[in-house]
Undergrad: 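Would you mind keeping the following structure in view while I ask a few things?
Chain naming here is simple, since letters A, B, ... match the order of the sequence lines and numbering starts at 1 in each.
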Amino acid sequence: METIQAFGEHALGLFILIGAIICAISTFGLIRLPDVYLRSHAATKSATLGVLIILSGSFFYFMFYLDHISAKILLGIVFVFLTSPVAGHLNGRAAYRTGVPLWKESVQDELKQVREHIREDA
Amino acid sequence: MMDTWLILSLAVLSLSILGCMYRLLKGPSISDRIAALDTIGIVLLAMITIVCAWLRTTTYMDIVLLIGILTFIGTIAFARYLERGEVL
Amino acid sequence: MNNLLVLPLLLPLCTAVILLFLKQYLVIQRWVSTVSVLMNIAIAGIIVMQVRSAGIHVLHIGGWMPPYGIVFVADMLSALLVLTTSVVSAFCLFFAFGTIGVERERYYFYPLFQFLLVGIYGSFLTGDLFNLFVCFEVMLISSYALIVLGGTRRQLRETLKYMLINILSSSLFVAAVAYLYGVVGTLNMADLSLKVAEAGQSGVLNVIALLFMIVFALKAGLFLFFWLPGSYSAPPSAVAALFAALLTKVGIYALIRTFTLIFHSNPEVTHSWLMGMAIATMILGAIGTVAYHDIRQIINYNVVVSVGLIIMGLAVSSEEGLEGAVFYLMHDMLAKALLFLLGGLIIQVAGTADLRQMGGMIRRYPLMGAMVFITALAIAGIPPFSGFAGKLLLIQAGLREGYFGLTAVALGSSLIVLYSLIRIFMQAFWGEEKPLQEQSPMLNRKLIMPSVGLSLLVIGMGLGSEAVYNLVADAGSTLILPMQYVDAVLKE
Amino acid sequence: MALQILLNFILAFVWMFLNNEWSVVQFIVGFLVGLICLMLLRRFWTYEFYLYRVWALMKLFLLFNKELLHSSLVVLKQILQPKLAIQPGIFAYETELKSDWEITLLACLICLTPGTLTLDVSDDNRTLYIHAMDIQDADLLSRQIKCTFEKAIMEVTRT
Amino acid sequence: MELYMSMSVGVLFMVGVYLILSKSLLRIILGTSLLTHGVHLLLLTMSRLKTGAAPLLGEGANSYVDPLPQALILTSIVISFGVTSLFFVLAYQAYRKLGTDNMDLLRGKEDE
Amino acid sequence: MSLLHMAILLPFLYAAALTVMRKPSLRFHTGWIILPIPVLLFVYFISCMASVQAGEELSGSIPWIPSLNIRFTVFLDGLGLLFSLLISGIGSLVVLYSIYYLDRKKEALRNFYVYLLLFMGAMLGVVLADNLIILYGFWEITSISSFLLIAFWHNREKSRYGALKSMLITVLGGLAMLAGFVLFYIMTGTFSLREIINNAGSVNDHTLFLPALVLILLGAFTKSAQFPFHIWLPDAMEAPTPVSAYLHSATMVKAGLYLVARFSPVFAGEALWFWLISVCGIVTLIYGSFQALKQTDLKAILAFSTISQLGLIMSLLGLGSAAAFYTDGSDSVFYAKATMAAIFHLINHAVFKGALFMVVGIVDHETGTRDIRKLGGLLSIMPITFTIAVIGTFSMAGLPPFNGFLSKEMFFTAVLGITELDRFDSQTLLRLFPVLAWVASVFTFGYSMMVVFRTFTGRPQFEQLEKKPHEAPIGLLLSPVVLAALAVVFGLFPNLLSYTLIEPAMAAIHPALLLPGDRFYVSIHMWHGWTPELFMTMGVAVAGMLIYKLHPRLSVLHEPLFRRVSLNLTYDAGIKLLHQGSLRMTNRYMTGSLRHYVIYIFVFLILSLGWGLYHYGAISVNMDRFAPVSLYEIVINLVLILSVIAIPFVNSRMKAIILTGAAGYMVTLFFVIFRAPDLALTQMIVETVSVALFLLCFYHLPKLEKEQTKPRTRIVKLAISAGVGVIMTLVALSASGSKLFESISDYYLRNSYVLAGGKNVVNVILVDFRGFDTMLEIVVLGIASLGVYALIRLNLASDRPEAVRKLDFANRLNKDRLPSNDVILRTVSKVAIFIILVFAVYLFFTGHHHPGGGFIGALMTAAALILLTMAFGMATIREVIPWDFKRLTAVGLLIAILTGAGSFLFDAPFLSHSFGYFNLPLLGKTELATAVLFDLGVYLTVIGITMTIILTIGRDK
Ligand code: NA
Ligand code: NA
């Protein structure tokens with residue numbers, strides 16, 4: 001029983017560490033990638049994944065080892081799930097609308113013509 | 001032994017906050033900074049969760065949710081301000 | 001337990017909140033404000049009478065015994081200042097009715113006015129050091145709002161400076177409270193007094209005392225008065241009068257309170273600093289009063305001079321000196337309010353604040369001229385007006401304790417003050433008549449009545465100095481023996 | 001559907017009332033009892049049993065998790081590669097989804113999966129403009145989305 | 001720990017003051033907020049640091065940290081928040097109307 | 001209240017009545033209703049004469065501030081009577097004269113008489129007061145009424161100048177005198193003149209005695225226009241002539257003499273007293289008489305003549321004080337004769353100078369000029385005036401048979417006598433007295449002749465005059481005639497005054513020389529035989545005539561005495577310096593620059609605290625009780641320090657704000673580490689909101705410029721900030737190292753649950769133990785929101801800004817402003833809002849036992865509302881929540897206040913809370929506490945405030 005418990009703890013610890021590492025890698029992307037849209041991919045979403053992993057790891061740790069079902073962590077997970085895409089969407093849109101250019105090696109931009117079209121109409 | 005994992009994770013997360021700080025300060029566009037800020041918020045949220053596990057208390061769990069909410073609202077506000085020049 | 005003590009604060013607080021509901025009903029706002037200030041005079045009067053007959057009164061707010069809860073304490077000093085404040089505020093309010101303008105009225109002038117009073121009364125009555133900070137903040141933030149209300153360029157500019165300096169001093173205040181708490185572990189002023197005395201006010205406690213001195217000196221305009229002349233010339237005169245009469249006085253009160261109650265064991269340190277600052281204040285203030293042709297500047301520097309004069313009494317720290325300080329403090333609240341109201345009237349009538357562009361107003365406004373003249377005499381301490389007894393006590397104290405230089409400066413500054421104010425009278429009221437903005441032969445009675453009332457008070461307080469002095473002597477004897485205060489608060 | 005859920009809740013309360021015991025355990029028991037009753041009589045209702053929807057939702061969730069994991073790995077790999085071998089770009093994606101909830105769900109899922117980001121939505125809610133990290137073949141991407149997310153969403157929201 | 005905290009407080013004060021001595025209103029305001037942080041940390045330092053659990057009696061700890069400074073800091077935070085908001089808005093209006101954020105240009109002699 | 005009080009107060013009351021009265025009708029001259037007052041007073045004082053002569057003393061007392069030993073005590077002795085008669089007598093004549101002098105149609109008569117009455121009452125007060133403070137008070141009022149009277153024609157620049165000058169100098173003296181009085185009070189414990197005099201000699205060895213003497217003399221000298229304080233008197237001649245006659249020759253200027261006489265019993269016998277008075281008097285005498293010779297304006301001549309005569313009397317008083325050097329009766333009496341001369345001349349001077357002023361007034365009135373170069377030959381037209389002038393001037397010159405002759409003779413006797421004084425080594429100096437006295441008398445003779453002969457004889461030059469001269473009307477002549485007659489009468493029958501006035505006055509000045517019940521036997525005679533004095537007088541006449549004759553040719557008389565430095569120039573330069581110097585000095589440090597002010601403040605802080613730390617050896621760092629440190633704490637510390645230090649170096653606005661925010665979040669981390677969850681929560685929200693507000697308010701500011709500062713400035717900045725940092729650190733270390741007492745906080749930990757029913761001690765302190773702080777704290781927030789609202793909404797139109805900067809950030813970046821489809825945001829918000837709201841309510845309710853509470857709950861609620869507004873727009877929020885958030889603030893405040901005031905109903909102290917456990921349906925055993933109600937108030941208030949601020953800022957476009 002104790003071995004299982006110890007193993008479980010190690011597993012959870014590793015799980016959490018993996019989450020942290022995913023976060024770290026995404027941050028690396030945040031530094032490395034060339035334009036704001038790409039960075040957005042890396043950062044926001046990959047980080048989200050990492051954080052979700054960490055949160056669930058902690059949740060299970062609390063549940064199994066501290067005998068506490070933390071509704072707040074669950075709520076946190078739901079909230080992050082719910083909100084981070086919206087944040088990413090709005091930020092990307094704002095970037096695009098304020099004229100932040102795409103990376104020079106981007107291959108296509110179908111939004112550009114549409115917006116110009118709308119502008120002419122307006 | 002759990003503590004070792006947790007502290008290790010904390011260290012890794014601190015590194016990623018540093019990375020975000022770099023982007024935050026560097027820019028160049030405001031959207032970049034907003035993205036970085038958003039990421040910082042989320043990583044911070046994770047860190048506090050880990051701290052809670054480490055201290056074996058749920059006292060600071062409220063902060064986790066709080067950071068989530070603030071990050072969300074903050075990002076939206078900045079994005080809207082950027083796009084329209086006004087928030088409300 | 002005596003809930004009466006919280007009423008001076010509670011009444012304006014409730015009034016302010018009620019006024020918030022009456023945004024559009026200006027007439028009702030005025031009436032409610034009037035009733036409130038009048039009631040507060042009555043309450044303050046009752047408090048003074050009770051303190052006179054039964055000694056120091058204490059209220060344990062929330063029923064928590066000191067030093068754990070917050071207490072309100074009315075000794076004679078507090079009671080008198082509350083009374084004077086209530087009177088002065090009433091006159092400033094009446095003056096505001098006629099001058100402040102519908103726009104400002106609609107944008108919460110009256111609630112802000114009442115909130116300011118909340119802070120002031122709280123500062124006078126609280127017996128808890130941190131609560132004093134909170135009350136200060138209530139007062140300050142109301143003053144920020146009042147000073148900038150209207151949003152003219154001058155107001156914006158000066159409020160920036162005023163606010164910044166006050167934010168600085170508030171930070172230092174909290175820092176000082178922190179230090180003191182770190183050393184003695186309590187916040188109740190009576191308890192602090194006991195513990196500081198027990199520790200012999202040595203070492204770091206003296207440094208903390210100096211920090212408190214700086215904090216309150218900033219608020220009082222003692223030596224560190226640089227913010228004052230600019231700020232007080234920005235708002236409309238009803239507000240400026242309120243500020244001049246009350247705000248610096250709260251700082252002075254805090255100085256008196258802390259240095260007679262908490263840091264009194266080592267007077268040669270703190271009090272010699274205070275004395276130096278008082279001298280510098282009087283000299284610099286007096287110089288300022290004659291430097292400008294702008295009425296506002298002249299009267300602003302007059303505020304500065306009187307701060308030095310009052311602190312002189314504290315610095316001498318004999319019973320006579322403290323009595324003088326308290327007496328002059330009360331006088332100064334009335335007289336400065338009057339001076340600022342009159343200054344406001346002059347500026348309004350002349351359409352300028354520049355003395356060089358005024359003249360001959362005595363023909364149309366003889367009553368105003370007479371009041372300006374009387375105010376000048378009262379402020380310079382000429383008998384039989386209100387300033388005299390206080391000044392006499394201060395001089396007596398200074399000479400008796402052997403501070404001849406200090407006394408000479410005090411006397412010299414009062415000559416310069418007289419000169420500066422008489423200059424206003426001469427240049428504005430005498431000489432060739434110059435074009436006025438207001439062409440009405442008699443000023444609106446609404447405008448002039450508050451000044452008349454205050455003038456009568458200034459005269460009355462002078463003639464009735466004996467009655468006032470009896471109260472002041474009570475205050476002085478409590479201040480010189482802080483154990484009375486401590487016993488009243490801590491022993492129940 | 002909402003009616004079914006509501007009824008299920010009412011049944012749970014009735015159960016507690018009958019047992020005269022107000023506790024979480026009794027509530028869960030009551031809820032399950034009601035659920036079973038509803039399931040048994042599911043043909044009685046004009047539209048389908050709500051558990052189907054719940055099941056579809058679960059499927060969507062699993063699908064999403066799979067995609068999330070998969071594309072995360074892809075993106076992480078890209079980041080860690082010494083040389084960036086990507087061709088980013090924006091493409092328009094026509095959706096058949098109609099309601100606000102559907103569109104939002106789709107957009108969020110697209111956002112959440114690394115590699116794609118909903119940049120804008122057209123005013124008529126029919127076109128999503130998606131920024132993709134690697135846009136070798138825009139049509140292929142569109143088809144992928146259509147087959148995975150859009151289908152799963154439709155299973156949840158439509159009969 | 002008190003040593004390090006005191007040093008942090010000192011640094012906060014130092015930089016705060018340095019910023020307040022700037023010309024730009026923005027720097028000045030940032031300076032005040034650093035000062036406020038410094039003061040709050042100071043208050044915290046003056047309580048007995050880390051001598052027990054958080055002052056939540058439900059946790060059932062043996063000893064708790066001094067709750068009073070926390071309450072004071074909280075009050076102070078809230079108050080500075082109010083003051084700061086007003087100050088921001090004031091600065092914003094001042095800039096709009098006066099056309100500069102350079103405090104050296106706002107000496108007030110120009111329109112007298 | 002005695003009759004004496006009545007006498008003093010009567011003029012004041014009358015003046016007050018006059019002020020309040022309707023404007024007196026123009027049909028008769030206001031003077032007529034004034035005249036009865038001085039006459040009545042005169043009669044009253046005459047009636048007192050007999051009893052005073054008999055050695056009785058009238059007195060009375062009214063308490064004013066008895067606790068400070070200030071009683072309105074008055075007494076009438078010989079000296080007082082003498083002055084009272086002068087005041088009321090000359091006063092009557094002056095009022096009579098003024099009725100004809102001042103035009104009832106053109107002048108502001110009411111003001112004139114009010115001032116005159118004020119003066120009269122005050123002057124009576126001065127000479128009758130027993131209490132020094134009362135004396136001082138009346139003294140100042142005489143200065144003030146003199147100020148008002150001099151500037152009666154305030155349109156004239158010179159009137160105002162003269163008025164101000166006289167007031168400054170006399171008030172300066174008054175203040176010195178006050179200080180002297182207070183010194184006496186400190187020495188003797190009384191303000192009563194009579195007590196001080198009765199105990200004369202008891203304090204002579206006191207260190208304060210001589211300072212008091214000098215200070216009191218300063219008062220006397222300024223008032224009596226003694227050199228070098230005389231400069232105000234000539235300028236005071238801008239006053240209407242009746243005023244000059246009354247105040248500036250007969251009465252007010254003699255107040256100084258009165259003071260010296262009054263204090264003689266106390267100070268006589270002090271060498272300093274003798275020398276100061278005698279020398280100052282004699283210098284003034286000769287200086288004044290010489291200056292008088294140089295004047296061309298009749299009034300100016302009289303002014304300098306007055307100065308010199310005042311000097312004469314002053315020196316006589318000084319010489320008379322020599323009597324106190326001797327205990328032996330005969331020697332004493334010998335020197336006391338000088339005092340007798342002083343008193344006699346004081347009366348005489350009042351009489352003839354009064355007459356002369358009136359004459360000059362008549363000349364001025366009738367010819368329109370007072371310039372003797374334009375006058376001449378008026379004798380034929382104005383014979384009566386001429387006669388009066390002759391009597392006056394001859395009396396002034398000391399010619400028999402007029403009263404001036406007698407007192408001048410007595411003066412010579414005194415100066416000759418003083419040479420015999422053997423008390424001092426400086427015999428030479430004493431021998432100078434007769435010489436100077438004789439020279440001055442020569443000058444006096446000279447200008448006296450000028451006054452009368454230059455005006456009335458010689459070649460008439462009427463064509464140079466503004467109007468055609470006539471003899472004055474009888475009314476105008478009445479008063480001078482009376483005075484001239486008195487000059488003759490007193491000359492012929494001087495002993496009329498001896499018994500009635502001079503003896504009692506001398507008794508008051510030299511009480512020590514008299515045995516009880518005794519009196520001075522004063523007898524003044526015209527003929528003493530061929531004495532040295534007589535020869536001196538003859539010499540004066542000869543030399544004086546010579547001067548008069550040679551006057552036009554004596555060039556020295558037409559040059560300024562000192563070309564470069566004159567006292568007037570000094571005064572003017574002084575005033576100018578006062579203004580310019582103070583302006584320059586004040587402008588130097590009051591720069592209006594916030595930075596400078598802050599520098600002053602911090603330099604002061606560094607100096608004083610640094611001094612304190614050093615001086616008290618307060619730097620005692622006791623690290624024993626410090627908490628242990630762990631690595632991660634050091635890391636956080638480092639991060640905090642680094643991010644803070646970086647702020648001044650960045651030159652982008654954004655970076656600076658972000659770094660500051662980072663510092664704030666580090667502080668939050670500290671709160672977590674140091675077990676302060678509530679603080680962490682609050683700081684987190686507040687920091688976020690602050691950063692957001694920062695960005696919102698500062699985004700439109702111009703690019704943060706690199707501060708262009710000179711290296712010197714930077715070093716100063718650095719030094720100051722480093723100083724502050726070091727000081728704050730040192731104090732913190734010594735404070736935490738020297739904890740002297742246990743903190744009171746154990747009480748809260750022990751009682752929070754037991755007495756206040758809450759487990760979150762911080763929250764319990766906030767809502768209960770120190771709930772009052774919290775109540776005021778939300779008041780602060782409420783005011784802030786009002787302030788923000790008013791600041792943004794109220795812009796008085798009178799102040800149109802020229803440099804309004806548009807918030808055109810959006811235009812700058814997003815030119816198209818195309819509509820956007822917010823479907824995603826809206827849909828998600830529908831869920832998120834409710835999650836946040838529920839969380840907010842949870843935080844609110846859990847606050848009493850767990851981290852949270854009204855403030856945090858409210859901020860969360862506001863966050864939800866903001867999200868709502870952002871997603872769905874202003875219109876929606878107005879629809880969803882139709883109330884005014886400012887009202888919500890008010891409601892919240894009201895709830896908090898009423899919860900507190902509710903304890904009034906139970907007769908408990910304000911803000912007393914109670915709590916209890918109740919069995920509620922569904923919820924079971926539940927704790928209900930009024931503290932929660934209070935917290936609800938906080939909650940609502942904070943929502944209202946936050947929303948007000950945010951919506952106000954948000955709508956400001
Ligand atoms: Na003028
Ligand atoms: Na003028």
Side-chain angles (χ1 to χ4, degrees), chain C residues 1 3 6 17 20-21 59-64 67-70 103 107-108 115 131 134 137-138 141-142 145 148-153 161 179 182-186 195 199 203-204 206-207 210 214 224 226 287-288 290-291 382-384 389 395-396 399-400 411 415 426 430 432 465-466 469, chain F residues 65 67 137 140 154-155 160 171-172 175 179 182-183 186 578-579 582-583 585-586 594 597 600-601 605 608-609 612-613 616 618 731 734-736 738 740-744 747 769-773 776 779-780 783-784 786-787 790-791 794-796 799 890 893-894 897 904 908-912:
Chain C
M1 200 279 292
N3 273 320
V6 81
V17 172
L20 290 181
F21 290 107
L59 167 63
H60 306 136
I61 291 179
W64 301 109
Y68 309 109
I70 293 171
E103 286 289 337
Y107 281 90
Y108 300 113
F115 278 130
N131 192 244
V134 178
E137 290 301 312
V138 173
I141 196 152
S142 324
V148 82
L149 191 65
T152 61
R153 286 152 57 89
K161 299 176 198 165
Y179 289 141
V183 178
V184 291
T186 185
K195 287 184 173 160
V204 74
N206 277 317
V207 184
L210 287 175
I214 293 173
L224 306 171
F226 321 105
I287 288 175
V290 288
I382 305 286
I395 292 170
Q396 271 178 25
L399 292 176
R400 198 189 294 280
L411 284 169
L415 179 68
M426 291 178 69
W430 281 352
E432 294 296 327
S465 291
E466 172 70 11
Y469 175 75
Chain F
I65 320 178
S67 309
E140 296 290 35
H154 56 76
N155 269 1
R160 301 199 299 270
V171 169
L172 172 72
L175 287 172
V182 171
L183 287 180
I186 290 166
L578 184 66
H579 284 287
S582 58
L583 180 67
M585 174 166 172
T586 311
L594 179 69
Y597 300 165
Y600 307 149
I601 291 166
L605 181 132
S608 58
L609 295 196
L613 280 169
Y616 297 108
V731 182
S734 359
S736 52
S738 60
L740 300 171
F741 300 90
E742 275 311 302
S743 127
I744 55 173
Y747 177 88
F769 291 111
R770 298 185 68 90
F772 193 61
D773 275 348
L776 293 178
V779 168
V780 168
I783 300 167
L786 294 185
L791 194 56
L794 178 59
N795 294 301
L796 291 183
D799 199 67
L893 283 173
L894 211 55
I897 297 166
F904 292 170
F910 179 68
L911 263 177
S912 297

Undergrad: With only heavy atoms counted, which part of F:V731 is less than 4.5 Å from chain C, the side chain, the backbone, both or neither?
TA: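 Both parts, heavy atoms under 4.5 Å.
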
Undergrad: Using a cut-off of under 4.5 Å for heavy-atom pairs, which of F:L911, F:L583, F:L794 has the most such pairs with chain C?
TA: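 Among F:L911, F:L583, F:L794, the one with the most close pairs to chain C is F:L794.
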
Undergrad: Does the side chain of F:F904 reach to within under 4.5 Å of the side chain of C:V6, using non-hydrogen atoms?
TA: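 Counting from C-beta outward, F:F904 and C:V6 do come under 4.5 Å.
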
Undergrad: At their closest point, which heavy atom of C:I214 faces which heavy atom of F:S608, and how far apart are they?
TA: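 The answer is CD1-OG, 3.2 Å.
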
Undergrad: Could you check whether any side-chain heavy atom of F:V779 comes within less than 4.5 Å of a side-chain heavy atom of C:V134, counting everything from C-beta outward?
TA: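 They are not in contact (no side-chain heavy atoms under 4.5 Å apart), so the answer is no.
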
Undergrad: At what distance, to the nearest 0.5 angstrom, does OH of F:Y747 lie from OG1 of C:T186?
TA: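 Going from OH on F:Y747 over to OG1 on C:T186, the span is 12.5 Å.
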
Undergrad: Determine the minimum heavy-atom distance between C:Q396 and F:V182, stating which atoms define it.
TA: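 In terms of heavy atoms, the two residues are closest at CG-CG1, 3.4 Å.
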
Undergrad: Verify side chain to side chain contact (heavy atoms under 4.5 Å, CB included) between C:N131 and F:F772, making sure each step is shown before the conclusion.
TA: CA-CA 8 Å; C:N131 192 244; F:F772 193 61; 3.4 Å; yes

Undergrad: Where does F:I744 contact chain C at under 4.5 Å (heavy atoms): side chain, backbone, both or neither?
TA: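 Contact with chain C involves both backbone and side-chain atoms of F:I744.
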
Undergrad: Out of F:A790, F:S67, F:G137, return the one with the most heavy atom pairs under 4.5 angstrom to chain C.
TA: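 Most heavy-atom pairs within the cutoff with chain C belong to F:S67.
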
Undergrad: With only heavy atoms counted, which part of F:I897 is less than 4.5 Å from chain C, the side chain, the backbone, both or neither?
TA: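 The side chain, not the backbone.
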
Undergrad: Side chain, backbone, both or neither: which part of C:I382 has an atom under 4.5 Å from a heavy atom of chain F?
TA: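 Answer is side chain: those atoms of C:I382 sit under 4.5 Å from chain F.
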
Undergrad: Could you report the tightest heavy-atom contact between C:L210 and F:G612, atom names first, then the distance?
TA: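 That would be CD1-CA, 4.0 Å.
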
Undergrad: Show the nearest heavy-atom pair for residues C:K195 and F:E742, with the distance to one decimal.
TA: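 Minimum heavy-atom separation between C:K195 and F:E742: NZ-O, 4.4 Å.
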
Undergrad: Once rounded to the nearest 0.5 Å, what's the spacing between atom CD1 of C:I287 and atom OG1 of F:T586?
TA: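 C:I287 CD1 to F:T586 OG1: 6.0 Å, rounded to 0.5 Å.
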
Undergrad: Among F:G771, F:S736, F:A784, who wins on heavy-atom pairs under 4.5 Å with chain C?
TA: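 Of the candidates given, the most pairs with chain C belong to F:A784.
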
Undergrad: For each of C:A145, C:G288, C:G203, C:A389, tally heavy-atom pairs with chain F at distances under 4.5 Å, and name the one with the top tally.
TA: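 Of the candidates given, the most pairs with chain F belong to C:G203.
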
Undergrad: Which atom pair, heavy atoms only, marks the closest approach of F:I186 to C:R400?
TA: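 Scanning both residues, the minimum pair turns out to be CD1-N, 3.3 Å.
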
Undergrad: Heavy-atom distances under 4.5 Å only: say whether C:I141 touches chain F with side chain, backbone, both or neither.
TA: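 The answer is both parts of C:I141.
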
Undergrad: Which atoms form the tightest heavy-atom contact between C:V138 and F:L776, and what is the distance?
TA: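 That closest heavy-atom pairing would be CG2-O, 3.6 Å.
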
Undergrad: Please look at C:Y68 and chain F and tell me whether the side chain, the backbone, both or neither of the residue comes under 4.5 angstrom of a heavy atom of that chain.
TA: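 The answer is both parts of C:Y68.
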
Undergrad: Among F:D773, F:L183, F:L175, which residue forms the greatest number of heavy-atom pairs with chain C at distances under 4.5 Å?
TA: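 Greatest number of close heavy-atom pairs with chain C: F:D773.
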
Undergrad: Sort C:V183 into side chain, backbone, both or neither according to what part of it lies under 4.5 angstrom from a heavy atom of chain F.
TA: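 C:V183 touches chain F through backbone and side-chain heavy atoms alike.
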
Undergrad: According to salt bridge (Lys or Arg N to Asp or Glu O under 4.0 Å), who are the partners of C:E466, at least two apart in sequence or on a separate chain?
TA: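 Partners of C:E466 by the salt bridge (Lys or Arg N to Asp or Glu O under 4.0 Å) criterion come out as none, since no residue qualifies.
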
Undergrad: In terms of the angle between their ring planes, are F:Y597 and C:F226 parallel, tilted or perpendicular, with boundaries placed at 30° and 60°?
TA: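 Ring orientation of F:Y597 relative to C:F226: parallel.
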
Undergrad: Identify which of F:G787, F:A735, F:A179 forms the greatest number of heavy-atom pairs closer than 4.5 Å to chain C.
TA: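 Heavy-atom pair counts peak at F:A735.
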
Undergrad: Check whether C:Y469 gets within reach of chain F through its side chain, its backbone, both or neither, counting any heavy atom under 4.5 Å.
TA: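 For C:Y469, side-chain heavy atoms alone lie under 4.5 Å from chain F.
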
